[in-house]
Enquirer: 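After the structure tokens below, expect a handful of questions from me.
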Amino acid sequence: MTITEAPPETATVATDAPDPATGLYDLVTTGDHKKLGAMYIGLALAFGAALTVVGVVVGLERIDLASVDLYNAFDQFVQAWQSYAVGLVFLVVVPLLLGLATAVVPLQVGSPAIAFPRAAAAAFWGWLIGGGLLLASFIVDGGFGTPGGLADPEPTVLSIVSLAMVVISLGLASVCVATTVIGLRPAGMKLHRVPLFSWSMLVASVIWLASFGVLAANLVWLYVQFRYQYGEPIAGTAEATEVQPGMWAQIQWAFSGPQAFAWIIPVLGIAGETVPVAARLRQRSYPVLLVAIGAFGLLSFSAYAQPAFSRGGLQVTEQAVFVGQSFLLILPVLVVFGALADSLRIGARDVGAPRSWLVASVLGVLVLLVGVVLTAVRAVDDFALVGTSADSGTLHLAIGAGLLGAAGGLAFWTPKLVGRQLTPLTMVGALALAGGALAGGGPDFISGLLDQPFLAGDGYIADDGVEALNLLSMIGSVLLAVGVIAVLVDVVGASVRGRADDAADDPWGGHTLEWATSSPPPPSNFSAPVAPVRSECPLLDATESEPDDDQEES
Amino acid sequence: MLTTGFKSFAAWAVGFLVAAVVFGYTTGGSSLGPLSVGWKGAVGNHVGYAILLVAAAVMATLAGIIIAFRDADSDAAAGYLRVAEAPIGQRLTQPSFWPLVAAFAVGVTLVGLVVTPVLFVAGLVLLTISTIEWTMTAWADAATGDPEVNRALRDRIMGPIETPILGFGAVGILVLAISRILIAVSAEAAVWVAIGVAALIFFTAVAIAVRPNVPRNAIVAVCLLGGIGILAGGVIAGAVGERDFEHHEAEGEEHSESGDSQPGDTEEPQVEAETSE
């Protein structure tokens, strides 16, 4: 027996176009990857603007650590720092890169849609709702606790569960992106011909999924422990509960090197896309870059760096695997950097005026290189840098590199997102971001060498020069905020600007399939079936075959 | 006709069932335990037996869904639609609220974990509803290449389920709201409110009946405004609280008191008596 007994009377004409929908209804019901990507990007930048301002206030407080001045108590200072770190990673950098991937990857692999579009939509809404709850929990005195301090139970548990929601949502979005790369490629686009950004997103999605799983498990563990071991029954109580000492330590692995660099794997892919286009040549040693990005992903995975894995009196960060991994992480970045520098050298005469996307993405790789080198130094036991402000220094560099990569990607692909190009304001933003990352991360690292503890606070007497370094770090935070706000203003401006300056379909002479369609693309992405792909640069193939065709015709 | 998808999942279901029974016997199950799902004796290793049995149940459910909805079989779809070839599947996803609702439900569930179990359960209910609706919409979207046909298919299946549930829900909420109003105002005013609401509904219905050309949107707007008005009144009345009631005891004795004082009068002495013992 079937539930429907008679065929419907309407004709069954296949159609690609979904129902036309506009306005708010369109926003809340869409499964279009381009709109979802744009929403990720806009909201992540808005979160970024707010959180980098929080970072500035934290930086101001850190200048003089002998007393807590701007906050009511040391606990509040720690909460603010945690909101800054957690927020910038999971509400800004990862969603920015994931939003860019949600919008661009299906176009790059010639697919009419992202895989599991409704799951992608649910992931976006889950991230947004979870992110809102996370920020709300920090505002109402939540967070992940100050070791030995007191925590308000309900907001603290809200922080735990809302971060879990954010992490699971981002994991779901990663599944959609990874499945798109694996399953929706056109004929001929084998994995070694996948565009570098899509490849980096595939690597990142796999590493992120592995990391998100561990982090979600950590959060479940914290929830159970906080609620049933350290805290009294929570519902209806407002009494402060003593925080278990290892609460933040349990999840700190996600916010320090090498794992901090796992969140920005696509930065290498973005630079790998933009540099050959600027140099107007095929990227040499393409398979080597694919391997290097894959290796970077594998080596950046350090979700095991948790207190529970300390063995034989050795902390995880003192064990050979962690130290070796921290050092090896430099190699793939060097390989990518070298290959891209080689392309720029060969194509120097064709590069022309520096484009904001080229400047931002190359600066992103440079900051990333600085970050991984300092991460290797941090792993050297003799320097005793783990647990010092060097931790926040490497995180700063990772976040800065991620923001730079995202800014470069945005400037490069905005024609495909909103049909318009960004202005030189993004170049200003990129320079501010680079300055902010280096000025924020470098001084923190040096003050770590001078034994300033990670999250030093009330009563800490700094060595000579540390306060000046903290002032410099605060200036770095200001620059980071300026950079994010500049990019946000430019992206919003491009979105609301009139249609007079609509971008060309291929304004940069791109190599990959997204440049073969209109700007912005139609609902089904491509108005004609995608031809079989013969190399990693299908559009260059088409350009290069044109003279041959002409000769044949003549 | 048994579809290919049904055969596949049914075979898996039988396979898992047999595996569960064999596993039960080989891990110390009694003679009838593995066959009776533990009703008449031991099933052996509980964990493995349960996993295999659940797998069999899942496969059987999928097989049932497939035979009911004729999925995963293009020939069956073509036969059902009485066309020579199965229509091309829809390539682009239609707009849907359910991803947003599902995400919202997860958020409500998690906030419920922190705040109150009531919210937690409400979140789970909303999540279940959104999962069912999402599944049915996804199934219908894949049926043919025509969104209108797909919507009609979905409505034909879900309409008979949704309409009574939504109807009962809406009526229940209105009844609850009106009852809150009636028990908040004085006894005399409650009579007039009841008459007023009834008259309003009656005369609105009469007005619509005698003027059949009234635009549909206008009727919807009137119903919506009326519903929101009653709901708002109910919420306000709920916040204000109940008036004092006269409670009649079994013997017919009558006295006036506030609603919550009676249980305390009878319970507290008992507690004291138990404590003194």
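Chain letters run A, B, ... following the sequence lines, proteins first and then strands; every chain starts at 1.
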Enquirer: Is the shortest side-chain heavy-atom distance between V86(A) and F144(A) below 4.5 Å?
Expert: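 In short, these two side chains touch, coming nearer than 4.5 Å.
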
Enquirer: Given heavy-atom pairs under 4.5 angstrom as the criterion, report whether the side chain, backbone, both or neither of L158(A) touches chain B.
Expert: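 Looking at L158(A), backbone and side chain both touch chain B.
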
Enquirer: Tell me, please, which residues at least two apart from N525(A) pass side-chain hydrogen bond (donor to acceptor under 3.5 Å, both in side chains).
Expert: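 With sequence neighbours excluded, N525(A) shows a side-chain hydrogen bond (donor to acceptor under 3.5 Å, both in side chains) to H33(A), K34(A), given in chain and number order.
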
Enquirer: Between chain A and each of L113(B), V106(B), V111(B), T137(B), count heavy-atom pairs under 4.5 Å; write down the option with the most.
Expert: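 When all of L113(B), V106(B), V111(B), T137(B) are compared, L113(B) has the most.
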
Enquirer: Report which part of F124(A) has an atom under 4.5 Å of a heavy atom belonging to chain B: side chain, backbone, both, or neither.
Expert: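 Looking at F124(A), nothing touches chain B.
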
Enquirer: Report the residues that fulfil side-chain hydrogen bond (donor to acceptor under 3.5 Å, both in side chains) with D141(A), sequence neighbours left out, ordered by chain and then residue number.
Expert: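 With neighbours one apart ignored, the set is Q79(A).
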
Enquirer: List the atom of A115(A), the atom of T180(A), and the distance in Å for their closest heavy-atom pair.
Expert: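 Result for this residue pair: N-OG1, 3.0 Å.
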
